[in-house]
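Following: one structure in structure tokens, then a few remarks.
None of these values were measured; they are calculated from a predicted model. Quick note: residue numbers are just sequence positions, from 1.
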Amino acid sequence: MTRSLRSDAERSVRSILEAAERVLADNPAASLEQVAEAAGVARTTVHRRFANRQALVDALAVTAARHLREAVDAAHPDTAPPLVALHQITANVIRTKGSWQFALAAADLPGSAAEADQRDLARRCVELFGRARDQGVLPPDADLEWTRRVYYALIGETVHGTPESADPDTLAARVVHTLLNGVGRAS
């Protein structure tokens, strides 16, 4: 019986987090009561799982950061050829960011519950760019931290400025091409 309650509790939390992402993405000032209504649970259920609104936002940030980490891991950035990993990471991240926009914005804030996860992802990104530089994909004098920041900006613009129906692989190809070649004429 305990197992059943635990899986019910996990489903309830997942439902609350998914509803919170939708509700807060539409209205960042939404109340816990609005989140509960969207999740199809009682307000007391939300309060039982999350002490206050900030606890819910923290849980959203951690959950979204975990999904982002899984998206990166699925591309095998430490072992796949750098260009293959970069394309797959980009497509995976575009998919993930499209689903967790509010939560990932909260995860990016200084002092967020997901700050350590975000720092680790940035470190791993720089390492991948280091591998790309070592294999001649990036120039030998490339500033890897700047490259990471430009890459993040390209993904951010892609997620915020593109219809949800757009193909993540096509978008990823555009991001990677722009990162490596700029917006000028193709060589």
Check your understanding: Okay, side chain of D120, backbone of A116: is any donor-acceptor separation there less than 3.5 Å?
Key -> no
**Study point:** side chain to side chain donor-acceptor pair (under 3.5 Å) partners for T45, two or more places apart
**Key:** R48
Point to revise | Exam field: side chain S15 to backbone R11, donor-acceptor pair closer than 3.5 Å | key: no
**Study point:** More than 12 heavy atoms from other groups under 6.0 Å of CD on E157
**Key:** no
**Study point:** Non-neighbouring partners of E33 that pass salt bridge (charged side-chain N to carboxylate O under 4.0 Å, His left out), sequence neighbours left out
**Key:** none
Practice item. List the atom of L60, the atom of L17, and the distance in Å for their closest heavy-atom pair. Key: CD2-O, 3.3 Å
Review point. Which heavy atom of Y152 sits nearest a heavy atom of A122, and at what distance?
Key: OH-CA, 3.3 Å
Point to revise | Over all atoms of both residues, closest heavy-atom pair of A61 and A106 | key: CB-C, 4.2 Å
Review point. Under a 4.5 Å side-chain heavy-atom rule over Ile, Leu, Val, Met, Phe, Trp and Tyr, are V84 and Y151 clustered together?
Key: no
Check your understanding: Are any of the side-chain heavy atoms of V35 and V41 separated by less than 4.5 Å?
Key -> no
**Study point:** Taking every non-hydrogen atom, the tightest pair across D58 and A113
**Key:** CB-CB, 3.8 Å
Practice item. Measure the shortest side-chain to side-chain distance between S99 and E21 over non-hydrogen atoms and say whether it is less than 4.5 angstrom. Key: no
Exercise for review: Quick one: closest heavy-atom pair of I94 and A172, and the distance?
Suggested key: CD1-N, 3.9 Å
Exercise for review: Any pair with a residue in residues 26-66 that passes ring pair (Phe, Tyr, Trp, His ring centres under 6.0 Å), sequence neighbours left out, goes on the list, sorted by first then second residue, please.
Suggested key: none
Review point. To the nearest 0.5 Å, how far apart are CG in N92 and NE2 in H67?
Key: 13.0 Å
Review point. Where do D169 and R95 land on the side-chain contact (heavy atoms from CB on, under 4.5 Å) test, with the steps shown first?
Key: CA-CA 9 Å; D169 286 311; R95 282 183 193 94; 3.5 Å; yes
Give the table of side-chain donor-acceptor pairs shorter than 3.5 Å for residues 128-138, with sequence neighbours excluded, one pair per line with atom names and distance.
from : atom 1 : to  : atom 2 : distance (Å)
R131 : NH1    : P77 : O      : 2.4
R131 : NH1    : A80 : O      : 3.2
R131 : NH2    : A80 : O      : 2.7

Exercise for review: Supply the atom-to-atom distance D108 CG to Q118 CD, rounded to the nearest 0.5 angstrom.
Suggested key: 5.0 Å
Check your understanding: Should the pair D73-R124 be classified as a salt bridge under the 4.0 Å nitrogen-to-oxygen rule?
Key -> yes
Exercise for review: Grab the two heavy atoms, one from K97 and one from L68, that are nearest each other, plus how far apart they are.
Suggested key: CG-CD1, 4.4 Å
Exercise for review: Check whether more than 12 heavy atoms from other residues, nucleotides or ligands sit under 6.0 Å from atom CZ of R123, and answer yes or no.
Suggested key: yes
Point to revise | Partner set under ring-ring contact (aromatic ring centres under 6.0 Å, His included) for H87, not counting sequence neighbours | key: none
Check your understanding: Out of curiosity, does V72 fall in the hydrophobic cluster containing V62 (side-chain heavy atoms, cut-off under 4.5 Å, transitive links)?
Key -> no
Practice item. Please determine if R14 and E10 form a salt bridge, counting it only when a charged side-chain N lies under 4.0 Å from a carboxylate O. Key: no
Practice item. Taking the side chain as every heavy atom from C-beta outward, state whether V57 and Q54 have any pair of such atoms under 4.5 Å apart. Key: yes
Check your understanding: Given side chains that start at C-beta, do those of T90 and I155 come closer than 4.5 Å, heavy atoms only?
Key -> yes
Exercise for review: Measure the shortest side-chain to side-chain distance between L180 and V176 over non-hydrogen atoms and say whether it is less than 4.5 angstrom.
Suggested key: yes
Point to revise | NZ/NE/NH1/NH2 to OD/OE distance under 4.0 Å, R66 and D117 | key: no
Practice item. Quick one: pull up CG in N27 and CD in Q34 and give me the separation to the nearest 0.5 Å. Key: 6.0 Å
Study note, to complete from the structure: Rounding to 0.5 Å, atoms CD1 (I89) and CG (L121) come to a distance of 9.5 Å
Between side-chain atoms of residues 139-147 and protein atoms elsewhere (two or more places apart, or another chain), which donor-acceptor pairs fall under 3.5 Å?
from : atom 1 : to   : atom 2 : distance (Å)
D143 : OD1    : E145 : N      : 3.2
D143 : OD1    : W146 : N      : 3.1
E145 : OE1    : R148 : NE     : 3.2
E145 : OE2    : R148 : NE     : 3.1
E145 : OE2    : R148 : NH2    : 2.5
T147 : OG1    : D143 : O      : 2.8

Point to revise | Flag, side chain of R53 to backbone of A30, donor-acceptor distance under 3.5 Å | key: yes
Review point. Above 12 or not: heavy atoms from other molecules or residues under 6.0 Å from CD of E37?
Key: no
Practice item. For D26 and F102, run side-chain contact (heavy atoms from CB on, under 4.5 Å): C-alpha distance rounded to whole Å, both residues' side-chain angles, the deciding distance at 0.1 Å, then the answer. Key: CA-CA 9 Å; D26 286 340; F102 175 86; over 6 Å; no
